[in-house]
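See below for the structure under consideration.
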Number of protein chains: 2
Amino acid sequence: MDDQMQSLATEMNRGFLQVLVLALLERKMYGYGMIKHLEEAGYRIEENTLYPLLRRLEKNGWIAGDWDVSETRPKKFYVITETGRKVRGHALRLWEEQATTLARVTEVERDV
Amino acid sequence: MDDQMQSLATEMNRGFLQVLVLALLERKMYGYGMIKHLEEAGYRIEENTLYPLLRRLEKNGWIAGDWDVSETRPKKFYVITETGRKVRGHALRLWEEQATTLARVTEVERDV
DNA sequence: ACATTATACTGTATGTTGCACAGTATATCA
DNA sequence: TGATATACTGTGCAACATACAGTATAATGT
């Protein structure tokens with residue numbers, strides 16, 4: 001059952017991770033830094049998850065990336081775009097809706 | 001951008017729909033009835049989504065189904081199993097965690 | 001009486017995405 | 001000089017929401 005739970009957890013990350021990154025990128029950040037930042041906030045995201053995700057979000061035009069080669073090691077910094085903000089808003093509303101639906105359903109279960 | 005939003009919405013349903021069904025099946029119900037029940041609660045789930053989902057959850061042993069052929073039309077009734085309850089609990093905890101993480105991240109953004 | 005709509009399912013195909021696996025290359029520190 | 005941290009790229013797989021297509025009975029309208 002652990003495998004199955006892991007699989008469900010993965011599914012639950014879909015969407016959530018996109019919103020999380022969109023929220024995070026209100027401030028300019030680069031991939032590796034985001035991982036460390038989230039770790040400090042008590043959340044672990046896989047490199048293998050984040051990097052492809054950033055590429056997808058950029059391709060969608062929800063975030064914009066540009067290379068910083070001024071320092072020792074080249075880093076790709078990302079920020080959210082206007083479109084990204086709209087998407088994030090939409091997604092957060094959806095999230096609320098889901099929470100409401102779930103609450104309503106479990107509430108009904110309690111009543112009966 | 002509407003297409004992209006739809007795609008994100010779909011991804012956000014993954015996991016959520018599983019939890020929703022697990023919550024709903026605290027009471028014995030059948031597929032079509034669940035669709036109508038949710039509609040009354042203001043939520044629309046596609047038949048094409050629900051039926052395959054029910055099959056998967058049953059295969060996982062999270063819900064148990066059995067056919068009722070006593071009435072006019074055969075219906076397959078499902079209920080949550082003990083395993084299903086454990087999974088649901090786990091998932092709801094994960095959901096909380098995600099909410100917390102998201103709140104923490106957006107909070108930090110506000111502060112800075 | 002006959003068509004339409006609601007009921008109640010099954011089966012299979014597809015696109016998206018989290019994550020695994022593998023690889024590249026520089027910097028730091030013991 | 002060898003390990004560890006930094007900071008990425010590229011490709012492939014499995015799971016799931018949803019689309020598309022189909023089956024079959026009951027109720028309702030005309």
Side-chain angles (χ1 to χ4, degrees), chain A residues 3-22 28-40 43-60 62 65-78 87 91 94 98, chain B residues 3-22 28-40 43-60 62 65-78 87 91 94 98:
Chain A
D3 273 5
Q4 290 183 355
M5 224 6 265
Q6 182 48 54
S7 169
L8 177 55
T10 294
E11 295 304 319
M12 290 185 69
N13 275 340
R14 305 174 88 121
F16 165 68
L17 290 179
Q18 304 193 40
V19 177
L20 180 64
V21 166
L22 288 177
K28 204 180 204 183
M29 292 186 89
Y30 64 100
Y32 196 81
M34 294 171 74
I35 292 169
K36 294 301 161 190
H37 179 79
L38 283 172
E39 241 159 43
E40 277 169 36
Y43 189 81
R44 168 81 196 146
I45 185 170
E46 296 296 321
E47 288 186 49
N48 291 324
T49 298
L50 183 62
Y51 287 121
L53 174 57
L54 290 171
R55 287 177 227 149
R56 282 195 301 268
L57 294 182
E58 188 183 18
K59 203 176 64 183
N60 285 355
W62 299 354
D66 82 311
W67 285 95
D68 181 341
V69 286
S70 67
E71 285 184 67
T72 55
R73 208 187 305 262
K75 297 169 191 175
K76 190 165 186 185
F77 278 84
Y78 294 94
V87 168
L94 232 171
Q98 291 183 341
Chain B
D3 274 5
Q4 289 181 357
M5 225 4 265
Q6 181 48 53
S7 170
L8 176 54
T10 294
E11 296 304 320
M12 288 185 70
N13 274 340
R14 305 174 87 121
F16 166 68
L17 290 179
Q18 304 193 38
V19 177
L20 180 64
V21 167
L22 288 177
K28 204 180 205 181
M29 292 185 90
Y30 66 99
Y32 196 80
M34 294 172 74
I35 292 169
K36 294 302 161 188
H37 179 78
L38 284 171
E39 241 159 44
E40 278 169 35
Y43 189 82
R44 168 80 196 149
I45 184 169
E46 296 296 321
E47 289 186 48
N48 292 324
T49 299
L50 183 62
Y51 287 120
L53 174 57
L54 289 171
R55 290 176 225 150
R56 283 194 300 269
L57 295 183
E58 188 182 19
K59 205 175 65 183
N60 285 355
W62 298 354
D66 82 311
W67 284 97
D68 181 341
V69 286
S70 68
E71 283 184 69
T72 55
R73 209 187 305 262
K75 297 169 189 174
K76 190 164 185 185
F77 278 85
Y78 295 93
V87 169
L94 232 171
Q98 291 184 340

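The figures that follow rest on heavy atoms only: side chains count, while hydrogens, waters and symmetry mates do not. Just so it is clear, the structure is predicted and the values come from calculations on it, not from any experiment. Lettering of chains follows the sequences in order, A, B, ..., and the numbering in each one begins at 1.
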Tell me the interatomic distance from [X], atom [atom1], to [N], atom [atom2], rounded to whole angstroms.
{"X": "A/Glu11", "N": "C/dT16", "atom1": "CD", "atom2": "C1'", "value": "10 Å"}
{"X": "B/Glu47", "N": "C/dT7", "atom1": "CD", "atom2": "P", "value": "10 Å"}
{"X": "B/Arg73", "N": "C/dT10", "atom1": "CZ", "atom2": "P", "value": "14 Å"}
{"X": "A/Tyr43", "N": "C/dG18", "atom1": "OH", "atom2": "P", "value": "10 Å"}
{"X": "B/Gln4", "N": "C/dG15", "atom1": "CD", "atom2": "P", "value": "17 Å"}
{"X": "B/Ile35", "N": "C/dT7", "atom1": "CD1", "atom2": "P", "value": "10 Å"}
{"X": "B/Trp67", "N": "C/dT7", "atom1": "CH2", "atom2": "C1'", "value": "12 Å"}
{"X": "A/Arg56", "N": "C/dG15", "atom1": "CZ", "atom2": "C1'", "value": "12 Å"}

| note | At a 4.0 Å cut-off to heavy atoms of chain B, the contacted part of DNA chain D spans D/dA15 to D/dA26

| note | Contacts satisfying salt bridge (Lys or Arg N to Asp or Glu O under 4.0 Å) that involve residues 50-59 of chain B (not counting sequence neighbours) are B/Glu58-B/Lys76

Could you tell me which non-hydrogen atom of [X] sits nearest to which non-hydrogen atom of [Y], and how far apart they are?
{"X": "B/Val21", "Y": "B/Met34", "answer": "CG1-CE, 3.9 Å"}
{"X": "B/Gly31", "Y": "B/Leu50", "answer": "O-CD2, 3.4 Å"}
{"X": "A/Gln98", "Y": "B/Met12", "answer": "NE2-O, 3.1 Å"}
{"X": "A/Val19", "Y": "A/Ala91", "answer": "CG2-CB, 3.7 Å"}
{"X": "A/Val69", "Y": "A/Pro74", "answer": "CG1-CB, 3.9 Å"}

| task | Determine whether any donor atom in the side chain of A/Arg14 lies under 3.5 Å from an acceptor atom in the base of C/dT16, or the reverse, and answer yes or no. | result | yes

| message | Counting only heavy atoms and a strict 4.0 angstrom limit, can you tell me which residues of residues 48-55 of chain B come near DNA chain D? | response | B/Asn48, B/Thr49, B/Pro52, B/Leu53

| task | For A/Gln18, answer base if it contacts any base atom (sugar-phosphate contacts may also be present), sugar-phosphate if it contacts only those atoms, and nothing otherwise; contact means non-hydrogen atoms under 4.0 Å. | result | sugar-phosphate

| query | For A/Gly15, which contact category applies under a 4.0 Å heavy-atom criterion: base, sugar-phosphate, or nothing? | reply | sugar-phosphate

| message | Working to the nearest 0.5 angstrom, can you tell me the gap between B/Met29 CE and B/Phe77 CZ? | response | 9.0 Å

| field | Side-chain donor or acceptor of A/Thr10 paired with backbone N/O of A/Gln6 under 3.5 Å | value | yes

| query | If only atom types and distance count, is the side chain of A/Gln18 paired as donor or acceptor with the main-chain N or O of B/Glu11 below 3.5 Å? | reply | no

| note | side-chain hydrogen bond (donor to acceptor under 3.5 Å, both in side chains) filter on A/Thr49, not counting sequence neighbours, yields none

| said: Pick the closest DNA chain C nucleotide for B/Phe77 and for A/Ala9 by heavy atoms, then say which residue is nearer the 5' end. | reply: B/Phe77

| said: Using C1' atoms of five pairs at each end, report the bend of the helix from C/dA1-D/dT30 to C/dA30-D/dT1 rounded to 10 degrees. | reply: 20°

| request: Applying side chain to side chain contact (heavy atoms under 4.5 Å, CB included), run through B/Tyr78 and B/Leu57 and close with a yes or a no. | output: CA-CA 10 Å; B/Tyr78 295 93; B/Leu57 295 183; over 6 Å; no

| field | Short side-chain N/O contact to C/dC19 OP1/OP2 from A/Asn13, under 4.0 Å | value | yes

| A/Tyr51: ring pair (Phe, Tyr, Trp, His ring centres under 6.0 Å) partners, not counting sequence neighbours | none

| Which comes earlier along DNA chain D counting from the 5' end, the contact point of A/Tyr78 or that of A/Leu8, where each point is its nearest nucleotide? | A/Tyr78

